[in-house]
Amino acid sequence: MSTPAIRRISTTESRAVRYTLTALALLFILLFLVLPLAAVFVEAFRKGVDAYIAALQEPDAWSAIRLTAITAAIAVPLNLVFGVAAAWCIAKFEFRGKAFLTTLVDLPFSVSPVVAGLIYVLVFGAQGWFGPWLAEHNIKIIFAVPGIVLATVFVTFPFIARELIPLMQAQGTDEEQAAIVLGASGWQTFWHVTLPNIKWGLIYGVILCNARAMGEFGAVSVVSGHIRGQTNTMPLHVEILYNEYQSVAAFAVASLLALLALVTLVIKSVVEWRHEREMALANDAPPERPLQTERTT
């Protein structure tokens, strides 16, 4: 005997209300997201493809692109190590000061990036706490690449940790404890039990961290010194070009940043789709049957 299909009702509002809300959402996205993004590419190609390519082939533009890539290549792995360690510590262990550590992880979300840059100037600048010592040893941090990397690490380090902490807390510690009881070491437990369970959240956090590292402006602007060809990242180079009324070149570099953001969004969507597909397959899989032993008489 077949059971009748159950019709799912998502909301109780009328069709007119649903259509109105959907139209308002689409209109908002069109006005504040799609049109500005399209305007960036239109302005970038306003004088043709040759002018666009020439703007990206400028030595200062290449220097900004290279510095942005180097900064992200250093900051993201550092935040990857810190994020995994912090999430493991907070989610798997109970200790005094755990709430304080969690608050520190969230600190860059509440502190303005400009303030973060000023903090590094206060600590490592020429008149800062360690400035005279650094000058004596010919070590330059502010207005140099190390300062840019430090500022980027500060503003991006919560992304991976905050992505992993709730995921690890939801998974609990049962599987890790079982692996340790069976004789696995801590490193083996991490690689073969913990890491496979958090891999999608880890990839998602790395993507967000990399996107913020490439697009950071405020903190990097304070510590860079705006030295053309040396300490300008792509966002800073766009600002300089626009202030000099080189609009085509500015929008060309901005379009490259926007293109990197779109690629990041596509990768993020693919990761989310793969994760949802994996979860759906796991939920649809039949439960494992216990081993049955035959009775012998």
Side-chain angles (χ1 to χ4, degrees), residues 1-46 52 83 87 91 102 105-106 108-110 112-113 155-156 158-172 196-218 235 238 247 250-288:
M1 182 176 180
S2 61
T3 58
I6 300 176
R7 183 180 178 182
R8 297 180 59 186
I9 301 177
S10 57
T11 61
T12 58
E13 288 79 9
S14 63
R15 182 175 298 179
V17 173
R18 295 199 301 268
Y19 287 166
T20 301
L21 293 176
T22 303
L24 288 175
L26 293 176
L27 181 62
F28 183 89
I29 293 174
L30 178 64
L31 292 177
F32 294 99
L33 293 179
V34 178
L35 287 181
L37 187 62
V40 170
F41 288 96
V42 170
E43 289 295 323
F45 289 96
R46 183 162 54 87
Y52 178 85
T102 306
V105 171
D106 294 333
F109 285 144
S110 57
S112 170
V155 298
T156 57
F159 287 93
I160 297 177
R162 292 309 301 173
E163 190 68 30
L164 295 180
I165 288 172
L167 181 60
M168 286 186 174
Q169 288 176 337
Q171 292 174 352
N197 290 334
I198 65 171
K199 62 179 181 180
W200 294 116
L202 183 63
I203 295 173
Y204 185 69
V206 168
I207 292 172
L208 294 179
C209 180
N210 182 70
R212 179 63 187 275
M214 291 189 300
E216 174 56 30
F217 178 84
V238 170
S247 59
F251 280 105
V253 180
S255 69
L256 184 58
L257 269 175
L259 184 61
L260 291 174
L262 292 175
V263 171
T264 302
L265 183 62
V266 171
I267 296 174
K268 168 180 168 293
S269 301
V270 171
V271 169
E272 290 178 341
W273 174 76
R274 289 287 302 273
H275 177 59
E276 292 176 356
R277 181 185 178 188
E278 188 175 278
M279 293 297 295
L281 292 175
N283 293 332
D284 294 340
E288 295 183 359

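Heavy atoms only: backbone and side chains are in, while hydrogens, waters and symmetry mates are out. Throughout, numbering of the chain's residues begins at 1 and tracks the sequence.
Of all heavy-atom pairs between Ile198 and Leu167, the closest is CA-CD2, 3.8 Å. Of all heavy-atom pairs between Ile165 and Ala91, the closest is O-CB, 4.0 Å. Residues Ser255 and Tyr52 approach most closely at OG-OH, 2.9 Å, considering heavy atoms. The two residues Pro113 and Arg212 have their closest heavy-atom pair at CG-NH2, 3.7 Å. In terms of heavy-atom proximity, Pro36 sits nearest to Leu31 at CD-O, 3.3 Å. The shortest non-hydrogen separation linking Met214 to Leu260 is SD-CD1, 3.9 Å.
With values rounded to the nearest 0.5 angstrom, Met168 atom CE is found 11.5 Å from Glu163 atom CD. Between the CG atom of Asn210 and the CD1 atom of Ile160 there is a distance of 9.5 Å, given to the nearest 0.5 Å. Atom CG in Leu27 sits 12.5 Å away from atom OG1 in Thr22 (nearest 0.5 Å). Expressed to the nearest 0.5 Å, how far CD1 of Ile203 lies from CZ of Arg274 amounts to 8.5 Å.
Side-chain contact between Arg46 and Ser247 is present, with heavy atoms from C-beta onward closer than 4.5 Å. Side-chain contact between Pro166 and Gln171 is absent, with no heavy atoms from C-beta onward closer than 4.5 Å. Proximity of Thr156 to Glu216: side-chain heavy atoms (C-beta onward) are nowhere separated by under 4.5 Å. Between Val238 and Pro235, every side-chain heavy-atom pair lies at or beyond the 4.5 Å cut-off. Counting heavy atoms from C-beta outward, Leu30 and Leu26 have side chains that stay 4.5 Å or more apart. Put simply, the side chain of Thr102 reaches to within 4.5 Å of the side chain of Arg162, judged on heavy atoms.
Aromatic pair Phe159/Tyr204: centroids not less than 6.0 angstrom apart.
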Intermediate values then yes/no, side-chain contact (heavy atoms from CB on, under 4.5 Å), Leu262 and Leu37: CA-CA 10 Å; Leu262 292 175; Leu37 187 62; 3.9 Å; yes
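Within a 6.0 Å sphere centred on CZ of Phe45, heavy atoms belonging to other residues, nucleotides or ligands number more than 12.
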